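Input: a single structure, listed below in structure tokens.
Everything numeric here is computed off the predicted structure, so don't read it as measured data. Chain identifiers are assigned alphabetically (A, B, ...) following the order of the sequence lines, protein sequences preceding nucleic acid strands; residue numbering begins at 1 within each chain.
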Number of protein chains: 2
Amino acid sequence: MPEHSGVSRPGGRTARTRDAVHAAVRELLAEPETEITMAAVAERSGVHFTTLYRRWGNIESIVLDLAVERVTEESPVPATGDLRADLTEYVHRLLASLRQAGTGTLLQALLAAAGQATEAEQVTQFVEPRIEQFQSLLDAAEVTRIDGLRLVELILAPAYLWAQFGAPLDPDADTARLVDTVLAVARDPA
Amino acid sequence: MPEHSGVSRPGGRTARTRDAVHAAVRELLAEPETEITMAAVAERSGVHFTTLYRRWGNIESIVLDLAVERVTEESPVPATGDLRADLTEYVHRLLASLRQAGTGTLLQALLAAAGQATEAEQVTQFVEPRIEQFQSLLDAAEVTRIDGLRLVELILAPAYLWAQFGAPLDPDADTARLVDTVLAVARDPA
DNA sequence: CGATTAACGCAAGTGAATTTGCAATAGAAT
DNA sequence: ATTCTATTGCAAATTCACTTGCGTTAATCG
């Protein structure tokens with residue numbers, strides 16, 4: 001028996017196939033015409049489609065898996081204490097990442113999964129760290145009139161909405177507006 | 001030849017089957033356990049599933065069709081000139097409608113379709129009227145520092161995001177916050 | 001090093017979703 | 001009335017997503 005509890009064989013074959021699958025999905029997402037199907041991912045990754053079904057169950061879970069990974073790695077939240085500077089840097093990077101090809105598909109997987117109890121745990125992995133990071137940002141700037149959840153509403157909500165509508169915001173043109181909104185509310189919440 | 005251009009036979013059989021299908025989908029959406037499939041809609045509506053495929057092509061289009069209809073009828077935007085009162089009334093009704101059973105499915109259809117060029121026209125039918133109504137509301141209140149698009153970001157975006165995340169906002173507890181946000185930004189946009 | 005077992009590859013099978021050809025029906029025009 | 005044609009109903013066919021059983025590979029432990 002390899003292990004009684006915890007993750008089994010994390011650095012071996014399991015990790016290799018997961019990486020191969022993630023890489024394949026990234027490639028497919030970058031090709032707007034290509035549909036993301038189990039068959040396509042299997043072919044591109046070299047991993048048998050039976051394996052995909054056994055480990056993930058359906059294509060949405062695979063995409064969600066990647067979505068959580070990618071969003072986390074691409075959008076670190078700064079917390080230097082300068083509210084405007086931190087927000088500006090973060091929002092600018094966020095909007096830029098939302099303009100990459102395939103972002104719509106990723107967001108759809110994320111939000112579709114969010115609604116279903118089955119995948120709720122995976123989504124929590126995405127939302128909670130972000131709220132905490134936002135809270136850290138606010139704490140560093142000694143802002144107490146709004147909280148992390150409010151930042152989600154004022155920044156992530158509009159950014160994601162436009163991205164999903166196929167009209168992602170422009171990092172250079174729209175960052176200031178979103179940041180100014182937060183500053184206005186932080187100054188005058190009621 | 002019935003007609004050369006324009007809508008053909010709008011009040012006849014075509015309209016009846018569309019109504020039957022819409023009614024069936026409304027029923028199915030109200031039953032949380034039931035999956036919305038072509039077969040289920042066909043059985044419930046009495047319309048043959050072949051007809052569904054021919055007219056809509058897929059189940060998503062059918063749900064989108066209903067989503068556009070329902071959102072429009074359920075969320076009229078008041079414009080009496082009292083900004084706070086108008087917003088409060090509208091947001092309260094919006095949040096209440098987002099708590100109805102099946103709303104998640106409807107939103108998903110709406111936002112999924114939004115990303116695809118094929119359905120873009122149908123989605124425009126939903127977004128544009130809403131922006132215009134918001135603009136009327138602002139005009140009535142003689143507010144010039146923000147526009148209809150901004151209201152979409154500050155109200156619809158957070159409301160839809162939480163609804164999609166399976167945690168729709170509470171009409172009584174959360175309306176004031178969303179309204180206050182708008183008022184704060186209208187007062188101090190930068 | 002050898003035993004153990006989780007994860008994988010493979011091939012066939014199952015079933016639901018979707019398509020297609022043809023006949024029947026019902027608005028609309030003449 | 002009758003004619004025409006868009007729309008629907010029906011049944012058969014087909015495609016595709018997904019599952020299952022079994023043999024193989026490879027990672028971990030003693």
Side-chain angles (χ1 to χ4, degrees), chain A residues 1-25 28-29 33-66 69 105 108-109 112-113 116 118-119, chain B residues 1-25 28-29 31 33-66 105 108-109 112-113 116 118-119:
Chain A
M1 203 180 307
E3 257 168 88
H4 288 285
S5 61
V7 181
S8 56
R9 310 181 183 192
R13 186 162 55 160
T14 301
R16 265 205 313 282
T17 59
R18 193 192 60 239
D19 292 345
V21 168
H22 279 193
V25 176
L28 294 173
L29 281 172
E33 332 82 40
T34 316
E35 275 206 59
I36 314 283
T37 65
M38 283 297 215
V41 173
E43 192 181 3
R44 189 64 65 100
S45 67
V47 175
H48 203 87
F49 71 92
T50 310
T51 302
L52 302 181
Y53 277 111
R54 267 194 279 252
R55 278 189 56 175
W56 284 277
N58 50 53
I59 188 64
E60 288 80 15
S61 294
I62 298 182
V63 177
L64 174 59
D65 217 42
L66 180 65
E69 179 181 293
T105 307
Q108 223 148 286
Q116 299 180 329
T118 325
E119 317 279 3
Chain B
M1 203 180 305
E3 260 167 86
H4 288 287
S5 62
V7 181
S8 58
R9 313 182 184 190
R13 186 161 58 160
T14 301
R16 264 205 314 282
T17 59
R18 192 192 62 238
D19 292 345
V21 168
H22 279 192
V25 176
L28 294 174
L29 282 171
E31 302 165 11
E33 332 80 43
T34 317
E35 276 206 58
I36 314 282
T37 65
M38 284 297 216
V41 174
E43 193 181 3
R44 189 63 66 99
S45 66
V47 175
H48 204 86
F49 71 91
T50 309
T51 302
L52 303 181
Y53 277 111
R54 268 195 278 252
R55 278 190 55 175
W56 284 276
N58 51 52
I59 188 65
E60 288 80 16
S61 295
I62 297 182
V63 178
L64 173 59
D65 218 40
L66 180 65
T105 307
Q108 223 148 286
Q116 299 178 330
T118 324
E119 316 280 4

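- B/R55 has its side chain out of reach of B/V21: every pair of non-hydrogen atoms, C-beta onward, lies at least 4.5 Å apart.
- Of the candidates D/dA27, D/dC10, C/dT25, the closest approach to any side-chain atom of A/R13 belongs to D/dA27.
- Separating the CZ atom of A/F49 from the C1' atom of D/dA17 is a distance of 9 Å, rounded to the nearest angstrom.
- Rounding to the nearest 0.5 angstrom, the gap separating the OG1 atom in B/T51 from the CZ atom in B/R18 is 14.5 Å.
- When the side-chain nitrogen and oxygen atoms of A/T17 are compared with OP1 and OP2 of C/dC8, one or more of them lie within a distance under 4.0 Å.
- If you find the closest nucleotide of DNA chain D to B/G46 and to A/M38, the one lying nearer the 5' end belongs to B/G46.
- Within the 4.5 Å cutoff, the side chain of B/D65 has no heavy atoms near those of the B/V25 side chain.
- Between A/I62 atom CD1 and D/dA17 atom P the separation is 13 Å, expressed in whole Å.
- Remark on DNA chain D: of its neighbouring residues A/A39 and A/T50, the 5'-side contact belongs to A/A39, judged by nearest-heavy-atom nucleotide.
- For residues 34-44 of chain A, the set of pairs meeting the side chain to side chain donor-acceptor pair (under 3.5 Å) definition, not counting sequence neighbours, comprises A/E27-A/R44, A/E31-A/T34, A/E31-A/R44.
- Residue A/Y53 has a polar side-chain atom (N or O) positioned under 4.0 Å from OP1 or OP2 of D/dC18.
- Remark: P of D/dT7 and CG of B/L52 are 15 Å apart, rounded to the nearest angstrom.
- Listed pair A/R54 / D/dT19 fails the phosphate criterion, with no side-chain N or O lying under 4.0 Å from OP1 or OP2.
- Residue B/R55 places at least one side-chain N or O under 4.0 Å from the OP1 or OP2 atom of D/dT8.
- The A/R16 side chain lies nearest to D/dA27 when the options are D/dA17, D/dA27, D/dT19.
- For D/dG9, the OP1/OP2 oxygens have a side-chain nitrogen or oxygen of B/T51 closer than 4.0 Å.
- In this structure, A/E43 atom CD and D/dA17 atom P are separated by 13 Å, rounded to whole Å.
- Put simply, B/H48 has no side-chain N or O that comes within less than 4.0 Å of OP1 or OP2 on D/dT8.
- No side-chain heavy atom of B/L64 sits less than 4.5 Å from a side-chain heavy atom of B/E60.
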